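Comments concern the structure below.
Position 1 is the first residue of the sequence; numbering continues from there. Only a predicted model underlies this, so the values are computations on that prediction, with no experimental measurement involved.
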Amino acid sequence: MTEQNEGNKEHKAPEGAKKVLHHKKKVVHKSEKSAPKSYKNVILLFIAFILFAYAGFISIYPKILTKTFDIDGFTQKVYTTTGLVTNIGGIDFKVKPNLDMVITLNNWSSKHLDNQECFDAGKIEITTGPFSIFTKNFNIKDMEVKNVKYFDQTYNTGENKLQYLSDMNFSQFGVEKVVIDPSPVRVKNFKITYIEPTQHRENKRDSVKYSRSDVRNFLQTMTFKNVVVK
């Protein structure tokens, strides 16, 4: 009996010994911990790609247009369409951060077939949509013209010399009609020469701004048959 009781006794740790508590460790699956971080990286990568593509578009796209634009072919089409002998010194395309495209034409000169002056501009700056050159839908948002000479000639019959342009055929540009949505136009260093049967007179202005309605009214008075003015 004595041996049995001794066998049933608990074995106590010696005095002074520290108790060791075994805590159950919480197992965290690696996939659960890394998932939010991987999603965040994908979003950041996507944003970076969008910004890179955006920066590339506004930088590279206009440079390609500037280098590949056929000025000679364009001026030939203008001549075939209007009968005005036209020369352009250069053309430049730029895209603003808001994706508006600015087309700058330098040293534009147009003369009648009898070699009389018609229109001359040192610089024409047109703000339109980024793809208007391909869609042929020039929604002009703004226009600025500098160093302008315009010759407004009237025959003895009272007909304006530019009136013959009313029969313009735009097939050279791949369209039947041209739709114009006028915009305000700012003109700096502007000289108009009125050539009339009995006299010549000039009107010079340092700066003038024509409203959208002013431009619309002017275009409508020309009564171009294949031009639609909004």
Side-chain angles (χ1 to χ4, degrees), residues 56-153 161-162 165 168 170 172-175 178 180-193 202-212 214-215 218-219 222 224 227:
F57 174 78
I58 64 176
S59 175
I60 298 173
Y61 172 64
K63 289 181 180 178
I64 294 174
L65 291 180
T66 300
K67 288 185 177 181
T68 59
F69 188 84
D70 183 6
I71 295 179
D72 292 336
F74 175 76
T75 54
Q76 180 60 40
K77 289 179 180 179
V78 171
Y79 168 71
T80 305
T81 302
T82 65
L84 295 173
V85 180
T86 299
N87 290 291
I88 300 175
I91 187 167
D92 181 65
F93 295 86
K94 288 183 180 179
V95 176
K96 293 181 177 180
N98 64 354
L99 295 184
D100 281 343
M101 175 178 282
V102 179
I103 304 174
T104 303
L105 300 157
N106 295 306
N107 299 319
W108 179 301
S109 175
S110 291
K111 295 182 179 181
H112 296 284
L113 289 175
D114 54 10
N115 205 34
Q116 286 190 334
E117 300 284 351
C118 177
F119 176 80
D120 187 88
K123 183 177 181 180
I124 303 172
E125 193 172 270
I126 302 168
T127 302
T128 183
F131 303 110
S132 58
I133 192 171
F134 300 110
T135 62
K136 296 182 177 64
N137 181 16
F138 283 90
N139 180 15
I140 300 174
K141 300 179 180 180
D142 189 49
M143 182 183 292
E144 183 174 271
V145 190
K146 296 180 180 179
N147 301 324
V148 180
K149 296 177 183 178
Y150 173 60
F151 298 84
D152 189 12
Q153 184 172 357
K161 192 167 185 177
L162 288 179
L165 296 179
M168 285 188 296
F170 295 97
Q172 289 288 321
F173 294 95
V175 293
V178 171
I180 299 178
D181 188 1
S183 73
V185 176
R186 299 185 305 278
V187 186
K188 296 181 179 180
N189 191 15
F190 190 22
K191 183 174 81 171
I192 304 176
T193 301
E202 290 185 350
N203 185 358
K204 294 182 180 180
R205 298 186 183 183
D206 293 333
S207 179
V208 60
K209 182 175 181 179
Y210 298 98
S211 67
R212 185 174 183 271
D214 291 335
V215 177
F218 171 76
L219 293 173
M222 299 304 292
F224 296 135
V227 176

**OP:** Not counting sequence neighbours, which residues clear salt bridge (Lys or Arg N to Asp or Glu O under 4.0 Å) with Asp152? List them please.
**Re:** none
**OP:** Please work out which of the three classes, parallel, tilted or perpendicular, describes the rings of Phe131 and Tyr61, given edges at 30° and 60°.
**Re:**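 Tilted, since the angle between the ring planes falls between 30° and 60°.
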Subject >> Parallel, tilted or perpendicular: rings of Phe173 and Phe170 (30°, 60°) >> reply: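 Aromatic pair Phe170/Phe173 classed tilted.
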Distance (rounded to the nearest 0.5 Å) between [X] [atom1] and [Y] [atom2]:
X: Lys63; Y: Lys94; atom1: NZ; atom2: NZ; answer: 10.5 Å
X: Lys149; Y: Glu117; atom1: NZ; atom2: CD; answer: 7.5 Å
X: Ile192; Y: Phe190; atom1: CD1; atom2: CZ; answer: 3.5 Å
X: Ile103; Y: Leu65; atom1: CD1; atom2: CG; answer: 8.5 Å
X: Phe119; Y: Ile124; atom1: CZ; atom2: CD1; answer: 4.5 Å
X: Thr128; Y: Lys141; atom1: OG1; atom2: NZ; answer: 7.0 Å

Qualifying residues under side-chain contact (heavy atoms from CB on, under 4.5 Å), relative to [X], sequence neighbours excluded:
X: Val102; value: Lys96, Thr104, Glu125, Thr127
X: Pro62; value: Phe93, Val95
X: Asp214; value: Tyr210, Ser211

**OP:** Tell me, with the steps shown, if His112 and Leu84 meet side-chain contact (heavy atoms from CB on, under 4.5 Å).
**Re:** CA-CA 5 Å; His112 296 284; Leu84 295 173; 3.6 Å; yes
Subject >> The single option from Val215, Ile140, Ile126 passing side-chain contact (heavy atoms from CB on, under 4.5 Å) against Ser183 >> reply: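 Passing option: Ile140.
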Original post:
Counting only heavy atoms not in Asn98, do more than 12 fall under 6.0 Å of its CG?
Top reply: yes
Subject >> Nearest heavy-atom neighbours spanning Cys118 and Leu162 >> reply: SG-CD2, 3.6 Å
Original post:
Can you pull the side-chain hydrogen bond (donor to acceptor under 3.5 Å, both in side chains) pairs that have at least one residue in residues 83-93, sequence neighbours excluded?
Top reply: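 Every side-chain hydrogen bond (donor to acceptor under 3.5 Å, both in side chains) pair that includes a residue of residues 83-93, provided the two are not neighbours, is Thr86-Ser110.
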Original post:
Backbone N or O of Asp72 within a donor-acceptor pair of the Thr75 side chain at under 3.5 Å?
Top reply: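 Judged by distance alone, yes, a pair lies under 3.5 Å.
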Subject >> Whether Arg212 side chain and Pro182 backbone form a donor-acceptor pair below 3.5 Å >> reply: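 Checking the backbone N and O of Pro182 against the side chain of Arg212, a donor-acceptor pair under 3.5 Å is found.
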Side chain to side chain, [X] and [Y], heavy atoms closer than 4.5 Å:
X: Leu219; Y: Ile180; result: yes
X: Lys146; Y: Asn106; result: no
X: Tyr150; Y: Val187; result: no

Subject >> Set of ring pair (Phe, Tyr, Trp, His ring centres under 6.0 Å) partners for Phe218, sequence neighbours left out >> reply: none
